[in-house]
**Student:** 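Right, I'll just put the structure down here and ask away after.
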Amino acid sequence: MNSDALRKFLDGSPWMASLTLAQAERVQRETLVRSFETGAMVCARGTPSAHWVGVVHGMLKVETITAGGKSASFIGVPSGAWVGEGAVIKGELRPYDVVAIRDSVVAFMPRATFQWLMQDSHPFSAWLIGQLNARLGHFIAMVQSLRLNNTKAQVAYCLASLFNPDLYPGTTRQLDISQEEIGRLSGVSRQIANRALHEMQDAGILRIGYGSIEVLDLAALQEIAGGA
DNA sequence: ACATTAACGATGA
DNA sequence: TCATCGTTAATGT
């Protein structure tokens, strides 16, 4: 495909800068790129974890679907982010589905490349520990948000994490995401997500667009998410 | 109380 | 034309 877009994406990945030239070249050479339309399955639950997954453009989500057909979304993955390292490290089958919630371009780093990088590059391993630690913190904060029993806080936390520059350095102020998906990721219905978004828009915290959200005051968002 | 599902029309791309 | 949004009504916990 377009190796230019891939190169640009890889160069923007925070761990890339600390690699040697030879390491960077191997990553560039062995990483694949594929496009997905909205709703398409990127990785299916139960299949081998053959790749580490990076979002070049668009947005993915991680979810499971129960036997009854209900889905539970766990995390949104905006462009610039990588996901799925847990299953790759463990060598297990994919525990969850990864689905595109926007038309997306996705990078696939083969498991062998990933493991070699982990062995060969101390800075990469260090970055990876930070990544896993950040994700752990994310889920702990999510439990806290759930404990508050406050749907507005859940929606705020969902957005605050998607727009968190520490978690997702590539993220901009504005994200293309529907209210339907915000609801799914927040664990509330679309109607409640809609109401919470309007309350926050009225408070000047964000701006609602058609299929998009622009955050104006990330600090205020985090304040609500933390239980104000 | 407050969230959910269902349903409807309106509207943006 | 289709996805998305804004809203209301009925229902559930």
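Reminder, nothing fancy here: chain letters follow the sequence lines and each chain counts from 1. Computed from a predicted structure; not experimentally measured.
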**Student:** Roughly, in whole Å, what's the span from CG in N149(A) to P in dA1(B)?
**Tutor:** 16 Å

**Student:** Got a salt bridge between R184(A) and E180(A), using NZ or NE/NH1/NH2 to carboxylate O under 4.0 Å?
**Tutor:** yes

**Student:** Does this structure show an ion pair linking E63(A) with K70(A), if we count only N-O contacts that are shorter than 4.0 Å?
**Tutor:** no

**Student:** Starting at NZ of K70(A) and ending at C1' of dA3(B), how long is that distance when rounded to a whole Å?
**Tutor:** 13 Å

**Student:** Kindly write out the residues that satisfy ring-ring contact (aromatic ring centres under 6.0 Å, His included) with F163(A), not counting sequence neighbours, or none if the list is empty.
**Tutor:** none

**Student:** OP1 or OP2 of dA3(B) versus the side-chain N and O atoms of T151(A): is any pair under 4.0 Å?
**Tutor:** yes

**Student:** Using a 4.0 Å heavy-atom cut-off, does T38(A) contact any base of the nucleic acid, only the sugar-phosphate backbone, or nothing at all?
**Tutor:** nothing

**Student:** Knowing that exactly one of W116(A), W82(A), W15(A) qualifies, which makes a ring pair (Phe, Tyr, Trp, His ring centres under 6.0 Å) with F124(A)?
**Tutor:** W15(A)

**Student:** If a protein heavy atom is under 4.0 Å from the base, mark B; if only from the sugar-phosphate, S; if neither, -; do that for nucleotides 5-13 of chain C going 5' to 3'.
**Tutor:** BBBB-----

**Student:** Given atom CG of D103(A) and atom C1' of dC2(C), what is their separation to the nearest angstrom?
**Tutor:** 14 Å

**Student:** Between atom CG in D176(A) and atom P in dG12(B), what is the gap in whole Å?
**Tutor:** 17 Å

**Student:** Rounded to the Å, how far apart are Q154(A) CD and dC2(B) C1'?
**Tutor:** 13 Å

**Student:** Can you give me the closest heavy-atom contact between L162(A) and M59(A), atom names plus distance?
**Tutor:** CD2-SD, 4.2 Å

**Student:** Do you know which two heavy atoms are closest between M41(A) and V99(A), and how far apart they sit?
**Tutor:** SD-CG2, 4.1 Å

